[in-house]
Structures are given as structure tokens and as C-alpha cells.
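Below is one structure, written out as C-alpha cells; the observations come after it.
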Amino acid sequence: MQSPSLPPCKYGSKCYRKNLAHLAQYSHPSSAAAGHTKRERQDSVGDSEPTSKRRRNDSCSDASLSADPIVPTATGESQTSEDSGAPATQSCQEEAAAAPTTAAAAACGGDDELDDSGDDNASEERDEPVDFKSCPHYTPGDAASRNEIADWLKNVYGQSFPDDFFHLWDICSARCIEPKDALRLLLGVQLVGPYDFLAGLFADDALFTAKSVHLHSRYYYDPPEFMTVLAMKRGSLQHWGYFRDSPDDQPEFVAANDAQPGGPIVPVASNIVATVVDLCEKALSKSNDKTEITRLKKLLAEIERHAQENSYSIDRKSVDRARSRKVVARPLNRIGIVVPYDKKQDVGYRPLPMSNGKLKTLLDKIAAATSRAEREKYSDDLQEMVTFIQFANDECDYGMGLELGVDLFAHGSPVFHSMMRHLLPTAYDLLGRDLFAKIVRLHISNRKHLPGVIPS
């Protein structure tokens, strides 16, 4: 039982701190008296909560998930509690009165976010030209050369490429002297992104660098988890790409993205060949042209024969079912986020204290504000969430920061770029997804140049 003489915590029943040092210094209302659900103010700390269920700073046994809470400063630079001279267990009163509110106000109040002139750690990294001379030649259907080019692409991208990536190239190579254009006339799509390396598109480009790799064929609303490999070429921003939750994983599925503000990223098929089958069947259902129907059926027959000969599936049913069991939240882009989560200890993720609908409305108001004063008027709830995320990171619930970062990313307004630049790389670094942190830094710094509809 807490002593009644303790000073009250500023956040009361909404306080996210659970470490014992904080609980010993400040009093909190009991969770029963607060009368809120976990979704409304998750993890209320009070007398009614058993000490055994309170998460502590040392509850993260995995060293790779341990890190000091990162405190944004008014300059936009990240600073840990160790750097700032503040102990990791400082009170929520002290933390809320210090940098988070100021940083959030700066992140939401700037009028020149399109310049992206804030802190960007990626700019400090060496950017070497890609060594195209070492790129092996790929002979369609040859397993040895496939393994060689797969290893080269993995070294360039930092991510693995599945066999179906090469199967589609093989199918297109048999249809056209320029494989990347083999589907252009019939389906209106073109093979892009890493396929351009197979086509030798940049072989003589000395300016194509390691950073260029991660921006090539990347659209405005493509998160780091999304790698574009197929794009519509008939006046549309529709594109398809491999989606994976960690750069160390094989792709979970191929998803579609229409590059619209808040537009959903939609799982389509288990692999890229099955995605082309899906496009063929949709085209067949809409076509009344006998010649086009014949050509589409011929392509489907070629794909089915190739799949049988090489023993891979082109099934498109329930591609997201297995992953759905691992998804801890569905941000505004609706594709979901997956983070390590221990249900027994309730460590790894805590939900945002606001529904998607209310958050979207809030972000719309902030983005539409015509003055700094008006923008700051709507920013209190967002600033509070940034403060809560720092507490969550301190207690190993890294998914919370990732969720809000993805929400801001999916909303798309340049007003939030400064805040995204802090939230997303921090979340990816804490989750051990360093490559995604690098990609999102590059993306935000170059976002105004990427194809996609920018919210007004």
C-alpha cells in the first residue's frame, strides 16, 4: 500500500511508469477508482496491482532489447538519459516537464518540414558506389547463376530474395527479349526495383550508390518493410512489393500499395508469381476482347506449367492468416505491426491510448492548421503519447513507438517528418532492425522526391 503522504504523480491513473523507484516516490490512484480500460490508458499503476506484475527496468533479459530511453531535444537531435545527465529512473513529472513536450511541439509546429533539414544520422554514413563489375550474370533457369546473383543482391540490399523472385524473371525471359517489359502491354505492369539489376540497367552508372539502392523504386508511402518489385505503368501509382517484418526474415507475402494518403497496404499473394496470376484473373474478369482473353489464358497456362515444373505454389488464399496471429496492432495503413511480445509478462507492446479513428482526426487537424499557434492547440494529446512512448521504451514495450511512427508515416503529412525521424529509427533500433532504421532515415530525408500523393 502506498503511503498517503507521497506527492501525487502528475499523470495519475494515466501514468505509464512501473519501475519501483518511481512508485516509491509518487502516489497513484488505484486502478479500480480510475475506472478506465487498458485500451484507454493501458497499464494503470496503483495499489490494486500486484508487485509481481509490475514491469521493471531490468525485466528485459535479452541484451539486444536493452537501451536507455531516448529523449528528443528542441534541436531535433536524439539524446539518451545518460547523455543528458538524468538518471533512467527520473520521475514522470521531471520527464514531462523537460524535453518531450518541447520536442513534440517542435516536431508538430514547424512550417518548413518539406525541407527535411533536421538531424539525419544517415548522412554521416559512407555512401559508396555499387560495384556493378562484381555483379554476376544471371542465366534464367540456371540454379548456379541464380545462387550467385541472389548472394550479390543480398549483399547490396541487406535482405534475402526468395526463389519466386527469379521464377518470375524466368517466365518473363521466355516471353520477351526485355524481361522487365514482358507484362507491360498485356497487364500494364513492369518489373522494377531489384529487377533492374538483373536487367543491367545501372551497369554503367557510377553515381548509383548504396543509398540509391534503398530509394530506387520506393514510393512515398512505402514503409521500410515494403520492397517494390512490380509497378503499374498506365497512369497509376499502384505497385506491389515484398513485405517482411524484419530485414532478417524472408518476405511474408506480396502486398499492394496505391500510394495514397492513409491508403491500406493489402496482402495479395504468397509470392510475386502468384501476384501476377491474380492480376491476370482480374484482367480476364473485366475483358470482353477475345484476343486479349486468349493472350491472358496463354500467360496463365505458361505460369501454371512453370510452377508445376519447379514445384512452387501460386495459391493466393489467406496469405495473411498466419501472420495475423502475430500482429499486435493495426496502424493506419492496416497492414499490422509484429514485434516480440511476451503475453505472460505483458512485455513488448502496449497499445496507444487513442483509437485509429480519433488519431486520424487529430493528425488531420494538426496537419491542416494554418499557424503554429493553431497547430500547438491540437498537439497536447500527441505530445502526451510521445512522453508515454519514452516510458514504454524504458520498460521494453518497443511496439508502442513503432505503432505511432507507422501511423504518422501512413498519414503522410510533412508536418510530422521531424517526429517520425525520431520515433521510427528509435523503434527499429530497439527492435534490432537496424537496416529498417537506415532505410526510414533515408526515406524521410528524401521523401518529397518520391512518387506518391502528398496530403495537402
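Because the structure is a prediction, the values reported are computed rather than measured.
A donor-acceptor contact shorter than 3.5 Å is absent between the side chain of D181 and the backbone of R184. Of the possible polar contacts, one joining the S379 side chain to the R375 backbone as a donor-acceptor pair under 3.5 Å is found. A side-chain donor-acceptor contact under 3.5 Å links N356 to the backbone of R330.
Among residue pairs with one or both ends in residues 296-309, those qualifying as side chain to side chain donor-acceptor pair (under 3.5 Å) are R175-E302, H306-N310, H306-Y312; sequence neighbours excluded. Applying the ring-ring contact (aromatic ring centres under 6.0 Å, His included) test to pairs two or more places apart or on separate chains, those with a residue in residues 245-295 are F243-F253. For residues 130-147, the salt bridge (charged side-chain N to carboxylate O under 4.0 Å, His left out) pairs, not counting sequence neighbours, are R146-D170.
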Let me have the donor-acceptor pairs involving side chains of residues 149-163, under 3.5 Å, with sequence neighbours excluded, atom names and distances please.
| residue | atom | partner | partner atom | Å |
| --- | --- | --- | --- | --- |
| W152 | NE1 | S134 | OG | 3.0 |
| Q159 | OE1 | R244 | NE | 3.0 |

Contacts table for residues 195-202: side-chain donor-acceptor under 3.5 angstrom, sequence neighbours left out:
| residue | atom | partner | partner atom | Å |
| --- | --- | --- | --- | --- |
| Y195 | OH | F165 | O | 2.7 |
| D196 | OD1 | K180 | NZ | 2.7 |
| D196 | OD2 | H216 | NE2 | 2.6 |

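Side chains of T426 and N393: no donor on one and acceptor on the other come within 3.5 Å. Q238 and Y219 form no side-chain donor-acceptor contact under 3.5 Å, judged by distance and modelled atom types alone. Judged purely by distance below 3.5 Å, without hydrogens or angles, the side chains of H167 and N271 never pair a donor atom with an acceptor atom. A donor-acceptor contact under 3.5 angstrom links the side chains of S212 and T209, judged on distance only.
Evaluation of the side chain to side chain donor-acceptor pair (under 3.5 Å) rule for Q250 yields no partner, not counting sequence neighbours.
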